[in-house]
Amino acid sequence: MSEQQIISGELLIFEGDPFTDAPEQAVQIKSDSALLIEGGLITQIGSRDEMVAAHPQAIHHAHKNKLICPGFVDAHVHYPQTAMIASWGKRLIDWLNTYTFPEEMRFADPDYAREISVRYLDLTAAHGTTSMASFCTIHTASVEALFSEAQNRGQRVVAGKTCMDRNAPDGLRDTAQSAHDDSKALLERWHGVGRLSYAITPRFSPTSTPEQLEAMGTLWAEHPTCLMQTHLSEQVDEIAWVHELYPKAQDYLDTYESFGLLGERGVYGHAIHLEPREIDQLNEHGAALVHCPTSNAFIGSGLFQMAALKARGLSIGLATDTGGGSSFSMLRTMAAAYEIAQLAGSVLHAGQLLWLATQGSAKALHLSDKIGALEGGMEADITVLDLASTPAIAQRYDNAAHAWDRVFPTIMMGDDRAIADVWIGGARVTPTA
Ligand code: GUN
Ligand code: ZN
């Protein structure tokens with residue numbers, strides 16, 4: 001029998017969807033509870049005392065003043081941008097040309113790709129992120145490096161080769177044919193291997209010719225279990241450029257749709273400045289959007305319309321968008337989502353924020369049968385939050401009037417010091433903090 005571990009304390013449990021049901025019904029904090037980990041899975045959830053009595057031989061990790069959560073799921077990142085995060089002073093297109101593309105060029109070197117993969121997965125684990133969907137670079141070595149390192153760690157990772165065949169510098173362009181062939185070879189090698197899965201990844205319409213988007217659409221049709229991830233309607237200038245490059249397209253989404261790149265397993269980052277037709281089509285196809293709030297503030301993109309899009313029933317994940325986003329932390333990202341919602345005229349409940357960072361992202365990535373909730377049968381990816389991790393947060397925690405009031409200050413002010421413990425696939429990862 002494999003080793004058993006019990007984690008006990010306050011558990012974050014999802015009983016429903018906090019955007020359709022009352023948040024405090026849908027997301028519950030259960031005291032004196034415990035979960036049992038065996039063979040990389042959560043096999044039971046229940047009362048602490050009963051669990052400990054039933055499994056006296058299990059290793060017991062007891063937590064006080066903590067919240068035991070599903071591991072955070074970051075639904076849109078660029079791991080190759082780790083080393084240029086927080087680069088100053090540019091909006092999207094200039095930012096890509098000035099900072100991003102020169103850094104991505106370095107991933108032609110497999111050793112550099114390996115070094116940054118290790119650094120990125122160390123940093124994110126220290127911030128409580130246990131899974132992510134990452135763009136890589138045009139280089140197959142960048143995909144190999146991230147998948148290999150994730151495999152070493154037993155980590156659930158979605159990734160894909162970023163395809164672009166125009167409007168990028170020499171050395172950072174593929175072709176329609178090579179993008180198709182390289183992506184196909186990579187997905188045949190990695191998709192569904194252990195906890196890894198492949199996402200077909202055209203960067204965005206401005207850096208792909210129509211021929212490349214068509215090739216990506218063909219590949220997706222041949223491999224429909226893969227996700228397809230890209231960017232959509234992030235900045236107003238970008239949208240104007242898309243109209244110039246694709247004069248026949250009705251709108252930005254149509255540049256994807258007309259090449260077979262709109263579907264249920266499509267995951268569209270940013271999606272800030274959407275036309276009514278685009279929202280209708282995304283909804284009809286059951287596609288997912290990913291909100292990247294620190295990025296949207298940092299690059300000056302605009303205010304994501306969470307309340308209106310959720311009211312339409314769209315699937316929405318939450319993401320850092322490292323390194324357009326200014327943080328590796330999903331706590332900081334939840335705080336930014338709260339702030340952007342405030343600016344857009346609505347209020348997000350702490351339970352909704354935690355749900356977005358776990359279950360919402362897992363659903364957007366079609367992984368919610370495996371990760372994103374503390375339930376029997378789910379993979380044991382767990383993040384334990386210290387709810388009194390700094391003096392400033394502790395004094396709020398001590399004076400809190402009710403359970404959610406003890407959690408919200410950590411969402412707004414917490415950083416990697418709030419990450420008390422992390423498990424990935426049932427293995428304890430000691431945070432570096
Ligand atoms: N649009 C196309 N590529 C990128 C990228 O790397 N980051 C962001 N934020 N937007 C993009
Ligand atoms: Zn992005």
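Remember, it's 1-based here, ligands and their atoms both numbered in the order they're listed.
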| Without hydrogens or angle criteria, can the side chains of H349 and E24 be said to hold a donor-acceptor pair below 3.5 Å? | yes
| message | Just by distance, no angles: are the side chains of E104 and Q81 close enough, under 3.5 Å, to form a donor-acceptor pair? | response | yes
| Taking non-hydrogen atoms only, is T207 closer than 4.0 angstrom to ligand 1 via side chain, backbone, both or neither? | neither
Is [X] in polar range of ligand 1, meaning some N or O pair under 3.5 Å apart?
X: W95; answer: no
X: D321; answer: yes
X: T100; answer: no

| D122 with R153: basic N within carboxylate O range, under 4.0 Å | yes
| said: Please determine whether a side-chain nitrogen of the Lys or Arg among D251 and R277 lies less than 4.0 Å from a carboxylate oxygen of the Asp or Glu. | reply: yes
| query | What residue among R189, K161, R114 forms salt bridge (charged side-chain N to carboxylate O under 4.0 Å, His left out) with E144? | reply | R189
| What do you reckon, does E238 put a non-hydrogen atom under 4.0 Å from ligand 1? | no
| remark: So the angle subtended at the Zn ion (ligand 2) by H76 atom NE2 and D321 atom OD1, rounded to 10 degrees, is 90°
| query | Strictly under 2.8 Å, is any N, O or S atom of H78 next to the Zn ion (ligand 2)? | reply | yes
| task | Give a yes or no on whether H270 keeps an N, O or S atom under 2.8 Å from the Zn ion (ligand 2). | result | no
